[in-house]
Amino acid sequence: MNHPQSAEPETPAGELDHLLGLAAKAAPLWAAFTPRERATVLATVADALEANADHLVTLADQETGLGHARLSGEVERTTGQLRSYSEYTVSGAPFGVTIDHADPDATPPRPELRRHLVPLGPVEVFAGGNFPFAFSVAGTDTAAALAAGCPVLLKAHPGHPQTSATTATLVREALAEAGAPLGTFGMFTGREAGVTVLRDERVQAAAFTGSVRGGRALFDIASSRPRPIPFHGELGSVNPVVVTAGALAERRSEIASGFVASFTLGTGQFCTKPGVLLMPRDPETVQYIAAQVRTAHALPMLSPQIAEGYRRRRDEVATAQQTRTLVDGTLTTDADGRPQASPSLFVVPSVEHFLREADNLLEECFGPAAVIVPYDTEDEAAQVLEALEGSLTLTFHTAPDDRPAGLVALAQRKAGRVLFNGWPTGVAVTAAQQHGGPYPSATSAHTSVGPYAIDRFLRPVAYQDAPADLLPPALRDDNPLRFLRTVDGKPETAAP
């Protein structure tokens, strides 16, 4: 079995400069492709990945231990993103075309204004480690940037180097076959190389999936450049779950089983793993949950580095004042030397004690660990949510007669996705999805999953009183791209 190396190989400086130069030259050429032309190109990339899915899955399983079933589904999700994001652009919706005709009788007189969104230019994507396909080389950030019309410079994750290299080769070959400009996609490796590319003035935006510490450091670099650039980071999230008294009385065992399944799924290595369970005080249910956790088997961790980070955070949670360890999970290695973990479960005696240790207990523990917080009143539950920093998700389990309106209003301020009677692990790739939230769950207000992820790599430009023959196609009266547009404040009734 192949394991991640302790140090990432660094792409040489000369090669990085070559990749940056190619991306800069490709940017205006790729932006000039119509959305329909880009969709055709990205469909070719998706076809190439599908044709090689078995080989890719085998490689990824050797490097991550995530299993063929999980990885096969992830390849399907990745190809689906490539197609759906680019197909969404064909309608023109992401480009926000708005036309306001001149009105000389307005006070003051109004000029003609035509506005649309255009690609930013080369984008650096930092691949994630926990999804070797869907958030990696050809994953959601790459798909969104390419669909927007931006070349991608992909910083590979060290947790699956062979999978990354093979995927990158397939992407480059498919792009070339479909006629995309040379430099539309390039991949490199190394932590220092990632910083070098981020500082380069040819890069116009960056996207990241990873830890709060690493993401914040990169965010600060992007913001401190002579010309700062957008940095769209997905960092850390606790994803609390609130159970009402009515829900607990109605379906105690179902909620307990669902919680255990969710926080242990993928060995707790999902960004949407529920890390805190707020439930009415009920010692019997707490013990019921603990009994289920004790039956869970040890499963692979993605890398020794992630396993060590999990061990450190688990031990910090265990030492929080008056926090009791209900299940002390193990960290071992399997027969191939890969780290594996069984889940840990903690409980605090009260909301008061939890709040005293909030700085510790409300920090993400990336791995199979969770904390139960018993509450006695809805006001106590609200105090915990008030202490919460930004989160990707916040989940409620309610009964038909429960209406915790105050908590739900609070959740909207604290999270990007508010769920009811389900579990946050699993992120549907749809237009209505929001995968992002207030800091530190993310560094921007945009989603990183779903077609609206494209918005991160576009910027608005308005044309005032421009001659018709100098207007971009999207802004012309004859609308040759057949975009959906807004004209004088109303949706255009039909494309010409």
Side-chain angles (χ1 to χ4, degrees), residues 1 61 64-71 73-74 129-131 159 237-241 243 248 251-279 282-320 323-348 361 363-374 393 395 397 419 422-427:
M1 182 172 286
D61 188 39
T64 67
L66 291 175
H68 281 246
R70 148 82 189 269
L71 292 167
E74 202 181 315
N130 56 339
F131 285 86
S237 185
V238 175
N239 307 303
V241 176
V243 180
L248 194 64
R251 53 186 196 282
R252 182 192 72 162
S253 61
E254 177 186 332
I255 291 171
S257 299
F259 174 65
V260 174
S262 187
F263 93 79
T264 62
L265 183 67
T267 328
Q269 297 169 116
F270 287 149
C271 52
T272 52
K273 180 208 79 175
V276 171
L277 178 67
L278 272 162
M279 55 171 281
D282 185 343
E284 183 179 349
T285 299
V286 171
Q287 292 306 317
Y288 182 78
I289 294 172
Q292 293 201 37
V293 172
R294 292 187 188 99
T295 66
H297 299 293
L299 293 171
M301 300 291 285
L302 289 164
S303 73
Q305 292 77 19
I306 289 175
E308 176 57 26
Y310 168 64
R311 182 203 61 76
R312 177 184 57 80
R313 276 294 298 133
R314 185 199 61 179
D315 292 349
E316 288 173 352
V317 172
T319 58
T323 297
R324 183 159 59 98
T325 302
L326 294 173
V327 182
D328 190 9
T330 61
L331 262 172
T332 58
T333 56
D334 61 19
D336 295 306
R338 175 175 295 282
Q340 58 181 10
S342 61
S344 297
L345 183 66
F346 306 93
V347 65
V348 295
L361 299 179
E363 179 182 339
E364 181 184 34
C365 180
F366 193 71
V371 180
I372 297 176
V373 184
T393 71
T395 300
H397 280 270
L419 297 83
W423 299 101
T425 38
V427 182

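Heavy atoms only: backbone and side chains are in, while hydrogens, waters and symmetry mates are out.
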Interatomic distance, [X] atom [atom1] to [Y] atom [atom2] [nearest 0.5 angstrom]:
X      : Y      : atom1 : atom2 : value
Thr264 : Leu299 : OG1   : CG    : 7.5 Å
Leu278 : Thr395 : CG    : OG1   : 11.5 Å
Phe270 : Thr425 : CZ    : OG1   : 7.0 Å
Arg294 : Leu345 : CZ    : CG    : 8.5 Å
Ile372 : Ile289 : CD1   : CD1   : 4.0 Å
Glu254 : Leu248 : CD    : CG    : 11.5 Å

Worksheet item: Are Asn239 and Thr272 linked by a side-chain donor-acceptor pair shorter than 3.5 Å?
Response: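 Not at all, the side chains of Asn239 and Thr272 share no donor-acceptor pair under 3.5 Å.
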
I'd like to check [X] versus [Y] (side-chain heavy atoms, cut-off strictly below 4.5 Å). Are they in contact?
X      : Y      : result
Leu361 : Val373 : no
Phe259 : Val243 : no
Val293 : Phe263 : yes

Item to complete: Before accepting this row, confirm whether a basic side-chain N of the pair Glu308/Arg312 lies closer than 4.0 Å to the acidic partner's carboxylate O.
Response: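 Salt bridge between Glu308 and Arg312, a charged N being under 4.0 Å from a carboxylate O: no.
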
Discussion item. For Ile255 and Val241: C-alpha separation, side-chain torsions, deciding distance, then whether side-chain contact (heavy atoms from CB on, under 4.5 Å) applies.
Written reply: CA-CA 10 Å; Ile255 291 171; Val241 176; over 6 Å; no

Does any N or O in the side chain of [X] come within less than 3.5 Å of the main-chain N or O of [Y], such that one atom is a donor and the other an acceptor?
X      : Y      : answer
Lys273 : Gly367 : yes
Thr319 : Asp315 : yes
Ser257 : Ser253 : yes
Gln269 : Leu302 : yes
Arg313 : Glu363 : yes

Worksheet item: Of all residues at least two apart in sequence or in a different chain, which pass the side chain to side chain donor-acceptor pair (under 3.5 Å) check with Arg324?
Response: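 With neighbours one apart ignored, the set is empty.
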
Worksheet item: Only one of Thr332, Asp334, Thr267 clears side-chain hydrogen bond (donor to acceptor under 3.5 Å, both in side chains) with Gln340; which?
Response: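 By the side-chain hydrogen bond (donor to acceptor under 3.5 Å, both in side chains) criterion, Gln340 pairs with just one of Thr332, Asp334, Thr267: Thr332.
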
Closest non-hydrogen atom pair, [X] against [Y]:
X      : Y      : value
Ser237 : Thr393 : OG-N, 4.2 Å
Arg314 : Cys365 : N-SG, 3.9 Å
Pro368 : Met301 : CD-SD, 4.3 Å
Ser342 : Tyr310 : O-OH, 3.9 Å
Pro374 : Val348 : CD-O, 3.1 Å
Pro343 : Ala296 : CG-CB, 3.5 Å

Item to complete: Let me see the working for Arg251 and His397 under side-chain contact (heavy atoms from CB on, under 4.5 Å), right down to the final yes or no.
Response: CA-CA 10 Å; Arg251 53 186 196 282; His397 280 270; 3.6 Å; yes

Discussion item. Check whether Phe131 forms a cation-pi arrangement with Arg70 (NZ or CZ under 6.0 Å from the six-membered ring centre, at most 45° off the ring normal).
Written reply: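 Yes; both conditions hold, so Arg70 lies above the ring face of Phe131.
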
